[in-house]
Number of protein chains: 6
Amino acid sequence: MNRPSGRAADQMRPIRLTRHYTKHAEGSVLVEFGDTKVICTVSVEAGVPRFLKGQGQGWLTAEYGMLPRATGSRTHREAARGKQGGRTLEIQRLIGRSLRAALDLSKLGENTLYVDCDVIQADGGTRTASITGATVALIDALATLKKRGALKQNPLKQLVAAVSVGIYQGEAVLDLDYLEDSAAGTDLNVVMTDAGGFIEVQGTAEGTPFQPEELNAMLALARKGLEELFELQRAALDGE
Amino acid sequence: MNRPSGRAADQMRPIRLTRHYTKHAEGSVLVEFGDTKVICTVSVEAGVPRFLKGQGQGWLTAEYGMLPRATGSRTHREAARGKQGGRTLEIQRLIGRSLRAALDLSKLGENTLYVDCDVIQADGGTRTASITGATVALIDALATLKKRGALKQNPLKQLVAAVSVGIYQGEAVLDLDYLEDSAAGTDLNVVMTDAGGFIEVQGTAEGTPFQPEELNAMLALARKGLEELFELQRAALDGE
Amino acid sequence: MNRPSGRAADQMRPIRLTRHYTKHAEGSVLVEFGDTKVICTVSVEAGVPRFLKGQGQGWLTAEYGMLPRATGSRTHREAARGKQGGRTLEIQRLIGRSLRAALDLSKLGENTLYVDCDVIQADGGTRTASITGATVALIDALATLKKRGALKQNPLKQLVAAVSVGIYQGEAVLDLDYLEDSAAGTDLNVVMTDAGGFIEVQGTAEGTPFQPEELNAMLALARKGLEELFELQRAALDGE
Amino acid sequence: MNRPSGRAADQMRPIRLTRHYTKHAEGSVLVEFGDTKVICTVSVEAGVPRFLKGQGQGWLTAEYGMLPRATGSRTHREAARGKQGGRTLEIQRLIGRSLRAALDLSKLGENTLYVDCDVIQADGGTRTASITGATVALIDALATLKKRGALKQNPLKQLVAAVSVGIYQGEAVLDLDYLEDSAAGTDLNVVMTDAGGFIEVQGTAEGTPFQPEELNAMLALARKGLEELFELQRAALDGE
Amino acid sequence: MNRPSGRAADQMRPIRLTRHYTKHAEGSVLVEFGDTKVICTVSVEAGVPRFLKGQGQGWLTAEYGMLPRATGSRTHREAARGKQGGRTLEIQRLIGRSLRAALDLSKLGENTLYVDCDVIQADGGTRTASITGATVALIDALATLKKRGALKQNPLKQLVAAVSVGIYQGEAVLDLDYLEDSAAGTDLNVVMTDAGGFIEVQGTAEGTPFQPEELNAMLALARKGLEELFELQRAALDGE
Amino acid sequence: MNRPSGRAADQMRPIRLTRHYTKHAEGSVLVEFGDTKVICTVSVEAGVPRFLKGQGQGWLTAEYGMLPRATGSRTHREAARGKQGGRTLEIQRLIGRSLRAALDLSKLGENTLYVDCDVIQADGGTRTASITGATVALIDALATLKKRGALKQNPLKQLVAAVSVGIYQGEAVLDLDYLEDSAAGTDLNVVMTDAGGFIEVQGTAEGTPFQPEELNAMLALARKGLEELFELQRAALDGE
């Protein structure tokens, strides 16, 4: 099997995590999975949504967007169309659930964290890059909160990262780019914690259904890639 | 372990598939998974969306809704709010992908099938019930099309069904109702074909992450439940 | 004159009122006027709209919808289009006004009743079926409120029901189905109380204008039909 | 009985119809029912809606609006809120149906007439003033079309006018202003043709239900008022 | 150079300011710049937007609209389309900023003034006519507030008026009508106070860019026109 | 006078124009005016809007957006709110008009250019940076079109750039950053061509009105800054 990218089946694209990428946000990271580039910011606001008021705990919510020309052909600007598409909503719900899994919300106080993931260049795997990058931005935002004296305890429970795997020409491959994703028979996004548990497993057969052993092969590959991502997250966080 | 429903861990709720439930649609099924009740209709319209025009193939798209008081407390009517929520869009995209997996769209001609799944009473598992019931409605709609002389070949490739599994008090359980789902640590929706392949696997850890062996236990249970569902679909279709 | 339905001019379709049709709502009725089938639920929420706050009285509001394939050809889902159409708004305003006429809102306390009428199969007369069925659901909801100790007085003043009449081939006919309605020159919806007064009279000439004596003939027919409906409402309510 | 306006029970407010009120529209009338002032314009565009294409007939559609401060306290601007309210949609549907009754659409050619009724000052009866004024604007627009050579036949079948009647302190009164309307037990809008038939009869009991004899008294009063309105329409049209 | 309107280069159209044009608003003016006619109302509501609460000062906000057939060919009704266009938002933001410049908001108390400018006939210069007319309506509204005892101090600082100028066939001309505006190479809107300062200067080259000396010529012409407008505003306000 | 930024009154911030910033667009530039950073892309699509069809000429349209945390405190995501705000629409209309001034649209063929300006970090002057950067991206896109053989003539007429000037503590200053802009009494945006003519002049007095001599001082300063910007644009374009 020859991947269009020329990579080995278990080889990730070059990953880069650039902290403090923009100056205003409490946490701000540019994450690159090869040619996929996403700006992840985490903002802090006092207060929580209505359904949590008075319970002394915090909340985290995520929003996702793509610049119109992040993609090969221009897509409509969602703000101009007047609504976010189903794909956008699905991805931002996934990011929100994944990032909440990194936190003990009861230690956050009545604060809300807004995670914004905006894709400035897309080449496959934007949701997994978003989760991986936003986790680092989240940790920076928590540090900012702590410096401000707004946090008594550290709400961080664990690192969270995500990677996509798929079946390309009958073989499991790691971290699909756009070309590979378009041609893959199955696409599986895996979100894990650095303690080794799954947060999300979302697999979709685009053409032929996939078999349990293919699922297992993909999960093993994902686990390998995620180990690398946790290393890169730790390195980025150490690197100040 | 005692499930709130009193069922054994591998026991499905009573399932009922009532064909020809409403009179106008080309296919119309009331599907019941215990107290979850969904009306699934399949409508046929000539023509395909713009991106498929002139290719001689068909299309299938799905929409999902809930009556405002299908749930324990009344939810807002999406038509009155002016938009479909993220959960709704996510579910209807899942139903559409799953049902398209049942078909060879190139044998459908330039027709579009509209699958509508409307929950009239919700008690957990509305998306899996929708997929299971809509498959039967789809087959009825294809039969109607054939009677009208609008189909030269049978586009049906295979049966598709779906079930939810989860980890409840540390143990894998099948077909969660609302109470069990609310309390479950992990919720996994599995869509399969009767030939044994996965179409979709969507697992979410609500609290503690889940481990690979838990995933395997859940998938085994899902497979058992799906066998029963395929039997019930076949029985319903034979029962005319 | 031969009605398409074969009924006598003053003959209603078979009417059925099934109480406790779904399990969550405080009141829930399936109403059938022949092939027209509407699920009517009544939900109770504490509080009133802003314009009534602090006045010690309650409120009732109604919403109406149709499943996309309730009709002969599929209609767009209003939630997907992003707004309710003019016909929908007109009907739900009519239902709301009619049901409020059944109540002494000052005896309801600061509670709001939400009436939801969702058409699962349409064959003409969906608004009149909705009003007739929702009245029974309303009474069940009031009983539920009373059992909960949330009502000190009974706010019910009277029964309310509705029926359509029309001029078909020059003659007044009762309770038009879809085919008759499409062919009728005039369509008149009448909402009355069981004490004999009119709540609403809405007549529209689709083609030729109608004359005062035709209006009188239609009103007489409506009155006859409404007597039957009040009987059926009472029977349904006795039937527990 | 003393009406707040000091008028006799069967006395209309002063009515004025000012033709050619604005310069751009094919037909343009300012209609005044006392302090209620509505600008009615009729615009002509080539072509018909999709459902009528190729049938050689025309169409007429109506839109209604109120300036935010047409009313005693400022109402929200519908364009700023992003949707037309239920009352607006209901009224513009009524205007459209009523005006279509004035025409033989098959003689209009494939043209669409847009009727716009914009209330610049409201004091009750805006929908009846709109219908009465728009009929005159419609006739002017048809004359413009004829001058342009765009009409071979005259599509006008008859005059249409509308008036409101109500039960005020137990007595039927004609042409209610805002104060009277607010206090009236019943409000009835009647649309007729000058040939004497009803186009629309819409009665609503705001408080106590109304009786058949009250309905008859109101209809008689409406008929008297409508005779006056038809006279005024004819006088305005003669007055060029 | 011959202007299509036959006016001299520095000649304004006939201007009329009709106060108390509608009866409900605290201030209400019909302003006419030739065939351009705008109803300007000012409404007063207690309270201020959230960002000003508790600061003891007031606010003024403006909304702008056009009747669909104010223009030569019918434009879509913004309420029916579900949003205000960019041109509308731009104009109403300009009106709001301009009118706020007339006031010392700290002397208004916690009240909000709503300025509504609705064009009933358009022939160029609707935004400048709106600002000029709304200033007079604003002064009437302040007088109404004072009579009600709701104002301790007079918040009026100065008169504000606006006029358009342009380059037509190479020469600066004052107060462009629609035909002149369509043909002009440059269009400049100038908002000033009667003390002689600029509030807004908005110039746009439609075709060839304009030169600094052309800008100066246009500004001089605008100043001349504005002197006339301030005179007319004063005359109108004296004329009670 | 001491500017908060410490710059001289006539000193611009450091300006950077990075071409080919993202890989998909026909033209793509990152423009930086100090800490203000905007990604400008130009995309080409065959075809023109309806009002231009069949005239053999092209079109250019612009859209503008800000990442939610481009600003000091997070702003709502417009796609999530369901509409673009007035400020956004105003800016993107300005960008579109300005960029169209750079082109002879009749030499573009029936193509549409989409200019997208997305602010990833805001510190004042986002609209002027957008225009300046998008002009360079536009030239790159035209070169791409030419390479594809899609252009017979060069539609570029001239360079376009924009800068803001203002009155800060009574003195004219060039290229305001956010802090200076917030404190400035007057803000003036100037768009020019490199041939020396004005495309747009938009001045707003935030507090005290500005005088003609202040306007002239600001325009002189703008002209100086624009000369520098044209130099930088030319240098960037030479720098391949």
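Each chain gets a letter, A, B and so on, in the order its sequence line appears, and its residues count up from 1.
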Under 4.5 Å to a heavy atom of chain B? For A:Gln158 that would be side chain

Which portion of A:Ile199 sits near chain B, non-hydrogen atoms under 4.5 angstrom:
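Looking at A:Ile199, backbone and side chain both touch chain B.
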
Between [X] and chain A, with a heavy-atom cut-off of 4.5 Å, which part of the residue counts as in contact: side chain, backbone, both or neither?
| X | result |
| --- | --- |
| B:Thr193 | side chain |
| B:Leu215 | side chain |
| B:Asn216 | side chain |
| B:Arg100 | neither |

Relative to chain A, which of B:Ser98, B:Gly85, B:Ala195, B:Ala205 shows the most heavy atom pairs under 4.5 Å?
B:Ala205

Report yes if the side chains of [X] and [Y] come closer than 4.5 Å at any heavy-atom pair, otherwise no.
| X | Y | result |
| --- | --- | --- |
| A:Glu90 | B:Leu89 | no |
| A:Leu94 | B:Thr204 | no |
| A:Phe210 | B:Val201 | yes |

Value rounded to 0.5 Å, distance of CD in B:Glu200 from CD in A:Gln202
8.0 Å

Report the distance from atom CG of B:Leu188 to atom CZ of A:Phe198, rounding to the nearest 0.5 Å.
11.0 Å

For [X], look at atom [atom1] and say whether over 12 heavy atoms of other residues, nucleotides or ligands are found less than 6.0 Å away.
| X | atom1 | value |
| --- | --- | --- |
| A:Arg81 | CZ | no |
| B:Tyr178 | OH | no |
| B:Tyr168 | OH | yes |

Let's test your reading of the structure: which of A:Arg93, A:Gln84, A:Lys83 forms the most heavy-atom pairs below 4.5 Å with chain B?
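Max contact count across the listed options: A:Arg93.
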
Pairs of heavy atoms under 4.5 Å with chain B: top-ranked of A:Gln211, A:Glu214, A:Met192
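Top count of heavy-atom pairs under 4.5 Å with chain B: A:Gln211.
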
